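Notes for the one structure printed next.
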Amino acid sequence: MTDTVPLVRQVVSGDGALPGEARVLAAAESALSGERRGVRAVLPFLGPAFIAAVAYIDPGNFATNMAGGSQFGYTLLWVVLAANLMAVLVQSMSAKLGIATGRSLPEVCRDRFPFRVVVLLWLQAEAVAMATDLAEFVGAALGLHLVFGLTMWLSAALTGVAAFTILGMQVWGFRRLEATLTGLVAVVVLAFGLEMLRSRPSVSGMTHGLFVPAVSGSGSALLAVSIIGATVMPHVIYLHSSLTQNRIVGATPDARRKIFRFEMVDITIAMGVAGVINLAMLATAAAVFHARGLFGAGSDLGVVFNGLNRFLGAHSGLVFGLALLASGLASSCVGTMSGQVVMQGFIHRQIPVFARRAITMIPALVLIGVGFSPTRALVLSQVFLSFGIPFALIPLLFFTSSRSLMGSLVNRRPVAVLAGLVATLIVGLNVYLLVVAL
């Protein structure tokens, strides 16, 4: 280990900070100084992107991917692939902002934008957080309902208890919460690995859908926007910058550059896993339902559950339900964390995490109480999320392209141009969707 200036520095946990642990900091110091190499050097930096990736395989993804696969077969696989590539770019910029500035995206907005703009950004970010929390909570409750046959009300109550329990793990250190959420992601990975093996999707159909872009009518356009909204999640753009701002803090510009390179490995692995899962969801729906002419099956996850049991057997529906439950629980916790980051960052206020969890449960409980279709609620929430993406992405692009703010980690011109194209594309899709709807 270096005998001169430390490469990482300890950060005292403050308001809104997500503290690392001493063991992780020591390992990171060794990695940055060159004492740890290979896989061992990467390990201390793994975690933030996996928490962000939870939001990329939430119940909203289940709804949009199953609907897209059953209605349009493999046609929209290219949208899933494109959305995941966008996610890698966006999350890398968010992580880089936290590493370079030691501030989250909402905090930087508060520091640099007029007060009225900050308030407007905060209000829309809270609306986005509520929409995503609605999808995640309803999804977890639906998973419990499908797997155990419980009423939706009882499933919702148990979902709340489970979410409170997982969030409480922060008391014993953030790494334990990271490990729990990663374990839930592993359940989803294993589940859709099994579903893919059993459904045996068409290789030629998948290849064509992945690499030949096509959209057929307003129905597929709506689902395309929903898929992007379910994949490039605005609330997790805010969260990722917070996850990296205090976890491992570089003491020098060179150390921060090295930390970002390690974080890119974290992002590539985590987003790659999330992308494969999303592709597997849509391909499974295409192979099981679209191939049999059941084009509307994916519009109801209950029908998907029964259909998988019927056509694939071997408790395939149960496997799907467990994956939905794991996804809902994990993403519900991540959504609550994002809400905390949004409020603390934009207006420098914070409420207890358990109080926020309780408050954000209310819209989901209301929908369940009035009997609104859970799957329909999931799809519509993802469309709403897509409209929130520019409000997070444009400020992120603006800040990460500022050399005075980012220093040596400023966006290079190709990255800035590509990110600008992504933002333009998303805004254009949303405008197109509005025109078609009207």
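Just so you know, these numbers come straight off a predicted model, no measurement behind them. Starting from 1, each residue takes its place in the sequence as its number.
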Query raised in the report: For the atom pair CG (L397) and CG (L97), what is the distance rounded to the nearest 0.5 Å?
Result: 11.5 Å
Requested in this report: Verify, without hydrogens or angle tests, whether N84 (side chain) and G275 (backbone) share a donor-acceptor contact under 3.5 angstrom.
Outcome: yes
Query raised in the report: If you count the non-hydrogen atoms of other residues, nucleotides and ligands that lie under 6.0 Å from CZ in F398, is the total more than 12?
Result: no
Query raised in the report: Quick check: does any side chain N or O of S241 sit under 3.5 Å from a backbone N or O of S104, one acting as donor and the other as acceptor?
Result: no
Query raised in the report: Checking side-chain contact (heavy atoms from CB on, under 4.5 Å) for the pair S94/L396: CA distance, chi angles, key distance, verdict?
Result: CA-CA 7 Å; S94 179; L396 177 66; 4.3 Å; yes
**Report entry** Which residues share a ring-ring contact (aromatic ring centres under 6.0 Å, His included) with F148, sequence neighbours left out
**Finding:** none
Query raised in the report: SG/C333 to CG/L181 distance, rounded to the nearest 0.5 angstrom?
Result: 6.0 Å
**Report entry** Full working for ring-ring contact (aromatic ring centres under 6.0 Å, His included) between Y238 and F391
**Finding:** CA-CA 11 Å; Y238 299 122; F391 294 99; over 10 Å; no
Query raised in the report: Does N65 reach the main-chain N or O of M281 with its side chain, forming a donor-acceptor pair under 3.5 Å?
Result: no
Requested in this report: Could you tell me whether a side-chain N or O of N278 sits under 3.5 Å from a main-chain N or O of A274, the two making a donor and an acceptor?
Outcome: yes
Report task. Using the side-chain contact (heavy atoms from CB on, under 4.5 Å) rule, take L418 and V415 through it: C-alpha gap first, then chi angles, then the decisive distance, then the call. Result -> CA-CA 5 Å; L418 185 58; V415 173; 5.8 Å; no
Query raised in the report: Can we call the ring centroids of F72 and F295 under 6.0 Å apart?
Result: no
Report task. Show your reasoning for whether side-chain contact (heavy atoms from CB on, under 4.5 Å) applies to M406 and K96. Result -> CA-CA 8 Å; M406 298 293 293; K96 181 166 61 174; 3.5 Å; yes
**Report entry** Side chain to side chain, P59 and S331, heavy atoms closer than 4.5 Å
**Finding:** yes
Query raised in the report: How many angstroms lie between CZ in F137 and OG in S332, if you round to the nearest 0.5 Å?
Result: 6.5 Å
Report task. Kindly indicate whether the side chain of V334, heavy atoms from C-beta on, has any atom under 4.5 Å from the side chain of I51. Result -> yes
Report summary line: Taken to the nearest 0.5 Å, the spacing of L105 CG from T400 OG1 works out to 9.0 Å
Query - Polar side-chain atom of S155 near backbone of T151 as donor-acceptor pair, under 3.5 Å - result: yes
Query raised in the report: Do Y56 and F50 have ring centres separated by under 6.0 Å?
Result: no
Requested in this report: Report the C-alpha separation of M93 and L393 in whole Å, then their side-chain angles, then the decisive distance to 0.1 Å, and conclude whether the side-chain contact (heavy atoms from CB on, under 4.5 Å) test is met.
Outcome: CA-CA 9 Å; M93 292 195 301; L393 183 54; 4.1 Å; yes
Query - CZ-CD distance between F45 and E263, expressed to the nearest 0.5 angstrom - result: 9.5 Å
Query raised in the report: Within a reach of under 6.0 Å around CZ of R292, are more than 12 heavy atoms found that belong to other residues, nucleotides or ligands?
Result: yes
Query - F113 atom CZ: more than 12 heavy-atom contacts under 6.0 Å - result: yes
Query raised in the report: Within the distance-only criterion (no hydrogens, no angle test), does the side chain of R110 pair as donor or acceptor with the backbone N or O of Q344 below 3.5 angstrom?
Result: yes
Query - Separation of L194 CG from L322 CG (nearest 0.5 Å) - result: 11.0 Å
Query raised in the report: If only atom types and distance count, is the side chain of N309 paired as donor or acceptor with the main-chain N or O of G317 below 3.5 Å?
Result: yes
Query - Contact check, side chains of L279 and L210, non-hydrogen atoms, under 4.5 Å - result: yes
